[in-house]
Each structure stands twice: as C-alpha cells, then as structure tokens.
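Notes to accompany the following structure.
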Amino acid sequence: MDNAQTGYGRISRLNHWFAAAVVIGMLAVGLYFHDMPRGEEKLYWLHLHISVGALAWLWIMFRVFWRMGRGFAPAMPQAAIKQHISKLVHVLLLTGIAVMFISGPLTIWTGGRAIEIFGLISIPSPIPEMHDFHELLEEVHEITARVMIGLISLHVLATIVHLVFHRQALRGRMWGSLK
Ligand code: HEM
Ligand code: HEM
C-alpha cells in the first residue's frame, strides 16, 4: 500500500486518479457556467459544481495530506533539473487543489449562503457574511483555476513525452504492476 522504491502505492494511485477526475470535471463545469448569463441554467451547473465539490471534499483533502505526509516517490531517472521541475509542478498542483477546495466553500459561506448538496443536505455557514472577503475569495478561486489549467497541461504533456520517449521509466509508477 505504501509507496515502493520506484512508484506509488495503491492508495496513492487511487487518490491520484480520483482527484484528477474530480478536478478536471470541476474545471470543465466551472468554466462552462462561468460566462453564462444569470438564470436557471447557470444555477443548475453551479449547484452541480457545489454538490460534487462538497461530496468529494473529505477525500480530496485526505489525498492532499496523504501526499504531504508521505512525501513523493523517488524521482524518475532523468536530469536533476527535470526532477526539480517535476517535483515543483506536483507541489503546485497539490497546493492548487487545496486552494480550490478551501476557497470554494468559503466563497459560499462568506456570501452568507449555506452549502446545498443536491438539495438533500444543507451545511449552514459557521461564519458571518463578509462582503470584501467574499469578493477576494471569488477572485482567488477564479485565478487559481486558470493557473491550474496551465499546470495540468504541463503535467499531462510531461506524461505524454515520457510515454513516447521514456516509456520504461514510467512503468509501475502511477499505473501498471506494483513493484
Ligand atoms: C489525465 C491526466 C493525468 C495524467 C495522465 C497524469 C499522470 C501522472 C503520472 C504518470 C504521475 C506519476 C509521476 C511520477 O511518477 O513521478 C502523476 C503524478 C501526479 N499527478 Fe497526475 N496525471 C493526470 C492528471 C492530474 C491532475 C488533474 C492532477 C491535479 C490537479 C494531478 C496531480 C498529480 C500529482 C500531485 C502527482 C504526484 C503524485 C501524487 O500525489 O499523486 N495529475 N500524474
Ligand atoms: C479543484 C476543484 C475546483 C475547481 C477546478 C473549480 C473551478 C471553478 C471555476 C473554473 C469556476 C468559474 C470561475 C468563477 O466564476 O469563479 C468556479 C466557480 C465556483 N466554484 Fe469552483 N472549483 C473547484 C472546487 C469548488 C468547491 C469544492 C466548491 C464548493 C463546495 C466550489 C464552489 C464554486 C462557486 C460557489 C463558484 C462560483 C463563484 C462565483 O460566484 O463567481 N468550487 N469553480
């Protein structure tokens, strides 16, 4: 279950692919409703975004802290500069996930609203309404989303480059046989 010498363990892999799917889905939905005019359709997508985010919240936070607590698997055999860049991008991706999952719920609560999960569960705000902080959090949520698009693109591009040119180095790290 733990990370092996040359790759990530079962829990890390499950965490990685679950979070990747959630983050990409949240990004897609967020960007989709962002420019919509106010109305029923925008509200539908916003509620879906909030409900899925709230349901996934505990697992996503566990995923971030699990990695921070366990550290990364030993770097792939490649130039030291590439190892440093890869680690930096991973740290920034984890930070981005945490910022999105903290700013999202706080945006709702500082706006004086409750978090509604599929109309079934309502989590009332434990904090008072704070207009200026609410505006700031909205900005943070939006800007971090844009930064994450860049980071994820870089991350996926690096994976593709490895798959094409150094396929062997990727084996058993995030998929394939556990060593
Ligand atoms: C389909 C898209 C993706 C692919 C193909 C992919 C592939 C990979 C691979 C192969 C590794 C292992 C790197 C190594 O062995 O050093 C990895 C690690 C990592 N990936 Fe992705 N990834 C994807 C999406 C994402 C997304 C959306 C995020 C976060 C927003 C993310 C965050 C991370 C992080 C933080 C690591 C370091 C290990 C960990 O904590 O999971 N990945 N990814
Ligand atoms: C990695 C996870 C997430 C990503 C990638 C993401 C992405 C986005 C994007 C692209 C937007 C549209 C830009 C904007 O209007 O600010 C947005 C808006 C929003 N998101 Fe997220 N989000 C994530 C997590 C969450 C979570 C966990 C919640 C709450 C439970 C949440 C609540 C909101 C709200 C309330 C808005 C509308 C903000 C506004 O009124 O402008 N998000 N999100």
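First listed ligand is number 1; within each ligand, the first listed atom is number 1.
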Please could you name the atoms of ligand 2 that Phe101 approaches to less than 4.0 Å, counting only its heavy atoms?
1 (C), 2 (C), 27 (C)

Please report the interatomic distance CG(Leu88) to CD(Gln83), rounded to the nearest 0.5 Å.
13.5 Å

I'd like to verify the contacts: list protein N, O or S atoms under a distance of 2.8 Å from atom 21 (Fe) of ligand 2.
His49 NE2, His141 NE2

Donor-acceptor pair, Arg13 side chain versus Gly176 backbone, under 3.5 Å?
yes

Tell me which protein heavy atom sits closest to atom 14 (C) of ligand 1, plus the residue, atom name and distance to 0.1 Å.
Arg173 NE, 3.3 Å

pair Phe72-Lys87: side-chain heavy atoms closer than 4.5 Å
yes

Identify the closest protein heavy atom to atom 41 (O) of ligand 1: which residue and atom is it, and at what distance?
Arg63 NH2, 2.8 Å

Looking at side-chain heavy atoms only, is the closest gap between Phe101 and Val22 below 4.5 Å?
yes

What are the atoms of ligand 1, with element, lying closer than 4.0 Å to any heavy atom of Leu94?
35 (C)

Contacts of atom 21 (Fe) of ligand 1 with protein N/O/S atoms, counting only those under 2.8 Å:
His16 NE2, His155 NE2

Please tell me whether His16 and Tyr8 form a close aromatic pair, meaning their ring centres lie under 6.0 Å apart.
no

Under 4.0 Å, heavy atoms only, figure out whether ligand 2 is touched by the backbone of Ile108, its side chain, both or neither.
side chain

As a check for students: among Leu46, Val23, Leu137, Val99, identify the option with a heavy atom nearest to atom 34 (C) of ligand 2.
Leu46

Counting distance only, does the side-chain N/O of Ser103 pair as donor-acceptor with the main-chain N or O of Val99 below 3.5 Å?
yes

Heavy atoms, side chains only, cut-off 4.5 Å: are Val23 and Phe18 in contact?
no

Given the options Gln168, Gln78, Arg167, His162 meets side-chain hydrogen bond (donor to acceptor under 3.5 Å, both in side chains) only with Gln78

Heavy-atom contacts with Leu170 under 4.0 Å: which atoms of ligand 1 show up? List them by number with element.
10 (C)

For the 3.5 Å polar cut-off, considering only N or O atoms, please tell me whether His34 and ligand 2 meet it.
yes

Quick one: sort the Trp175 and Trp17 rings into parallel, tilted or perpendicular, breaks at 30° and 60°.
tilted

Part of Leu151 with heavy atoms under 4.0 Å of ligand 1, whether side chain, backbone, both or neither:
neither

Nearest-contact summary for atom 16 (O) of ligand 2 - protein heavy atom, Å
Glu142 CB, 3.6 Å

Where is the nearest protein heavy atom to atom 40 (O) of ligand 1: which residue, which atom, and how far?
Arg67 NE, 2.6 Å

The closest protein heavy-atom partner of atom 5 (C) of ligand 1 is Trp17 CH2, 3.8 Å

Answer with side chain, backbone, both or neither: which part of Ile115 has a heavy atom less than 4.0 angstrom from an atom of ligand 2?
neither

Looking at CG of Leu31 and CD1 of Ile149, how far apart are the two atoms once the value is rounded to the nearest 0.5 Å?
4.5 Å

Would you check if Leu170 and Met76 make a side-chain contact, meaning some heavy-atom pair closer than 4.5 Å?
yes

Below 4.0 Å from any atom of ligand 1, is there a heavy atom belonging to Met148?
yes

Is a side-chain N or O of His134 found less than 3.5 angstrom from the main chain of Thr107, in a donor-acceptor match?
yes

Can you confirm whether Thr110 sits close enough to Glu129 that some side-chain heavy atom of one is under 4.5 Å from a side-chain heavy atom of the other?
no

For Leu27, the atoms of ligand 2 under 4.0 Å from one of its heavy atoms are 5 (C)

Does His90 reach the side chain of Leu94, with side-chain heavy atoms less than 4.5 Å apart?
no

Protein heavy-atom partner closest to atom 39 (C) of ligand 2 - residue, atom, separation in Å
Glu138 OE2, 3.6 Å

Non-hydrogen side-chain atoms of Arg67 and Ser12 separated by less than 4.5 Å
yes

I'd like to check Leu46 versus Val29 (side-chain heavy atoms, cut-off strictly below 4.5 Å). Are they in contact?
no

Check the hydrophobic clustering (I, L, V, M, F, W, Y; side-chain heavy atoms under 4.5 Å; chains of links allowed) and say if Ile85 and Leu151 are grouped together.
yes

